[in-house]
Amino acid sequence: MKFKNSSLFTSRLSKLDHRINKACLQNKRERSSVKILAVTKKKSVDDIRLAISHGLKNFGENYLNEAIEKKSMLEAESNKNFIEWHYIGSIQKNKTKKIAENFNWIHSVDRFEVAQRLSDQRPLNMEPLKIFLQINIDEETTKSGVMPQKAKELAILIAKLPNLNLHGLMAIPTASGLLEDQKRSFLKLRELKNKINKLNEIKTKLKSLSMGMSSDLEAAIDACDSNTETWLRIGTALFGKRN
Ligand SMILES: *Cc1c(COP(=O)(O)O)cnc(C)c1O
């Protein structure tokens with residue numbers, strides 16, 4: 001298949017790889033512990049096809065209807081079933097059924113009621129839904145996510161749900177252009193994960209952190225170690241600015 005923007009995408013992806021490799025070298029991280037989630041909200045199905053042709057297979061979407069439309073178009077094509085779909089948008093209660101039926105991963109769970117519905121509504125012929133708890137790591141009144149003080153309690157409840165698999169924590173820190181500020185927020189998330197993993201009630205330890213976007217991925221790689229997977233959620237650096 002021919003793509004209009006193929007060479008542009010190739011060069012963006014190689015720049016991104018270069019940034020990731022450099023940060024891994026500087027911080028003694030194994031490259032395999034850093035994952036790329038390609039964030040395609042407001043981007044076309046062709047953009048996704050282009051990314052697939054470059055070897056990417058994890059895609060993140062924020063808007064349910066848009067996501068389902070793109071997903072069904074891709075599923076109609078052959079050999080697209082290896083795609084892992086990640087839901088990273090805010091979750092309204094009445095949307096949980098469709099989310100549970102259509103995604104492999106959810107990064108934005110921040111209350112028990114939603115988690116319970118997702119577990120109840122997950123089709124039994126599908127593997128457990130992989131979940132990140134979204135943490136309001138900088139305690140901002142305008143942001144979603146559970147407050148850090150409430151996270152342990154919520155993690156314990158969610159870990160008991162049968163059709164969910166609690167994988168890790170996710171955060172969107174206060175935007176800052178300074179590496180030190182970015183890193184401080186990510187370190188708080190890492191600490192919180194370690195605290196949760198010490199709880200007796202958490203039998204399956206959290207393995208992953210969903211943190212780092214186009215403008216702060218170096219800080220995310222820096223703030224974590226190779227024993228924990230870091231999921232970078234990358235939109236702009238791969239697909240350009242969104243409208
Ligand atoms: C849009 C979005 C991203 C991607 O952000 P970029 O700065 O474009 O890389 C990552 N995470 C979430 C939750 C988003 O909504």
Side-chain angles (χ1 to χ4, degrees), residues 35 37-43 58-68 85-122 129-159 161 164-176 181-193 195-196 206 208-217 219-220 223-224 230-236 242:
K35 309 282 182 191
L37 174 59
V39 175
T40 45
K41 60 166 176 258
K42 298 186 177 168
K43 296 291 168 181
N58 287 278
F59 292 92
E61 291 279 344
N62 295 58
Y63 309 107
L64 185 60
N65 293 340
E66 178 189 331
I68 290 176
W85 292 97
H86 299 239
Y87 189 77
I88 63 174
S90 62
I91 305 176
Q92 288 141 299
K93 213 173 68 178
N94 62 345
K95 301 280 173 65
T96 51
K97 185 162 186 285
K98 280 201 165 166
I99 294 174
E101 289 170 350
N102 282 286
F103 289 85
N104 307 91
W105 301 72
I106 309 200
H107 293 237
S108 42
V109 174
D110 64 359
R111 53 208 157 103
F112 183 69
E113 190 187 18
V114 158
Q116 188 162 43
R117 291 173 66 92
L118 290 169
S119 180
D120 289 346
Q121 293 167 337
R122 179 68 168 172
L129 201 42
K130 291 178 261 208
I131 296 288
F132 288 94
L133 268 193
Q134 184 172 352
I135 311 293
N136 188 346
I137 199 66
D138 292 318
E139 304 181 45
E140 297 168 273
T141 48
T142 53
K143 275 214 180 120
S144 44
V146 61
M147 287 293 171
Q149 321 73 268
K150 298 264 168 83
K152 282 193 208 169
E153 196 184 331
L154 184 58
I156 290 170
L157 289 173
I158 289 180
L161 294 170
L164 303 185
N165 181 343
L166 184 57
H167 248 255
L169 307 181
M170 177 273 217
I172 309 171
T174 315
S176 162
D181 292 341
Q182 296 167 353
K183 206 177 137 182
R184 194 176 314 119
S185 302
F186 293 141
L187 283 171
K188 282 194 279 185
L189 195 67
R190 175 185 172 178
E191 274 303 298
L192 185 58
K193 175 190 69 78
K195 278 189 194 151
I196 290 173
L206 308 189
S208 313
L209 294 172
S210 168
M211 62 184 197
M213 311 197 282
S214 296
S215 57
D216 57 9
L217 65 93
C224 205
T230 305
W231 279 90
L232 305 174
R233 305 181 311 269
I234 307 295
T236 312
R242 290 175 292 271

H107 versus L37: any side-chain heavy-atom pair under 4.5 Å? yes
Where do I156 and E153 land on the side-chain contact (heavy atoms from CB on, under 4.5 Å) test, with the steps shown first? CA-CA 5 Å; I156 290 170; E153 196 184 331; 5.9 Å; no
Say you draw a straight line from CG of D110 to CG of L154; how long is it, rounded to the nearest 0.5 Å? 8.0 Å
Report the C-alpha separation of C224 and F186 in whole Å, then their side-chain angles, then the decisive distance to 0.1 Å, and conclude whether the side-chain contact (heavy atoms from CB on, under 4.5 Å) test is met. CA-CA 8 Å; C224 205; F186 293 141; over 6 Å; no
With heavy-atom distances below 4.5 Å as the criterion, would you say the side chains of Q182 and P173 are in contact? no
Would K193 and L209 count as a side-chain contact (heavy atoms from CB on, under 4.5 Å) here? Give the steps. CA-CA 8 Å; K193 175 190 69 78; L209 294 172; 3.9 Å; yes
Closest approach of A100 to L129 (non-hydrogen atoms, all atoms of both residues): CA-CD2, 4.1 Å
Flag, side chain of N165 to backbone of K130, donor-acceptor distance under 3.5 Å: no
Counting C-beta onward and ignoring hydrogens, is there a side-chain heavy-atom pair between L164 and R122 closer than 4.5 Å? no
When every non-hydrogen atom of V109 is compared with those of A115, the smallest separation belongs to CG1-CB, 4.0 Å
Do L64 and F103 have side-chain heavy atoms sitting under 4.5 Å apart? yes
State, yes or no, whether a side-chain contact exists between F112 and L161 at a heavy-atom distance under 4.5 Å. yes
Distance col, row I88:CD1 vs E61:CD, nearest 0.5 angstrom, shows 8.0 Å
When you check the gap from the basic side-chain N to the acidic O, do D120 and R117 get nearer than 4.0 Å? no
Looking at K41 and E66, does any basic side-chain N land under 4.0 Å from a carboxylate oxygen? no
Rounding to 0.5 Å, atoms NZ (K95) and CD (Q121) come to a distance of 13.0 Å
In short, N136 meets G145 closest at the heavy-atom pair CB-O, 3.6 Å
Which heavy atom of S214 sits nearest a heavy atom of G235, and at what distance? OG-N, 3.7 Å
Do Q134 and I172 come within less than 4.5 Å of each other through their side chains, counting heavy atoms only? yes
Apply side-chain contact (heavy atoms from CB on, under 4.5 Å) to the pair R111 and V146, showing each step before the final yes or no. CA-CA 7 Å; R111 53 208 157 103; V146 61; over 6 Å; no
Is the shortest heavy-atom distance from the side chain of R233 to the side chain of H86 under 4.5 Å? no
Give a yes or no on whether the backbone of V114 and the side-chain of T96 come within a donor-acceptor separation of less than 3.5 Å. no
I'd like to check K188 versus D138 (side-chain heavy atoms, cut-off strictly below 4.5 Å). Are they in contact? yes
Rounded distance [0.5 Å steps], NZ in K143 versus CD1 in I135: 13.5 Å
Please report the interatomic distance CG(L187) to CG(L192), rounded to the nearest 0.5 Å. 12.5 Å
Between CG of L217 and CD1 of I234, what distance do you get to the nearest 0.5 Å? 5.0 Å
Distance-minimising heavy-atom pair for A155 and I196: CB-CG2, 4.0 Å
Taking all non-hydrogen atoms of both residues, which atom of F132 and which atom of S208 are closest, and how far apart? CE2-CB, 3.6 Å
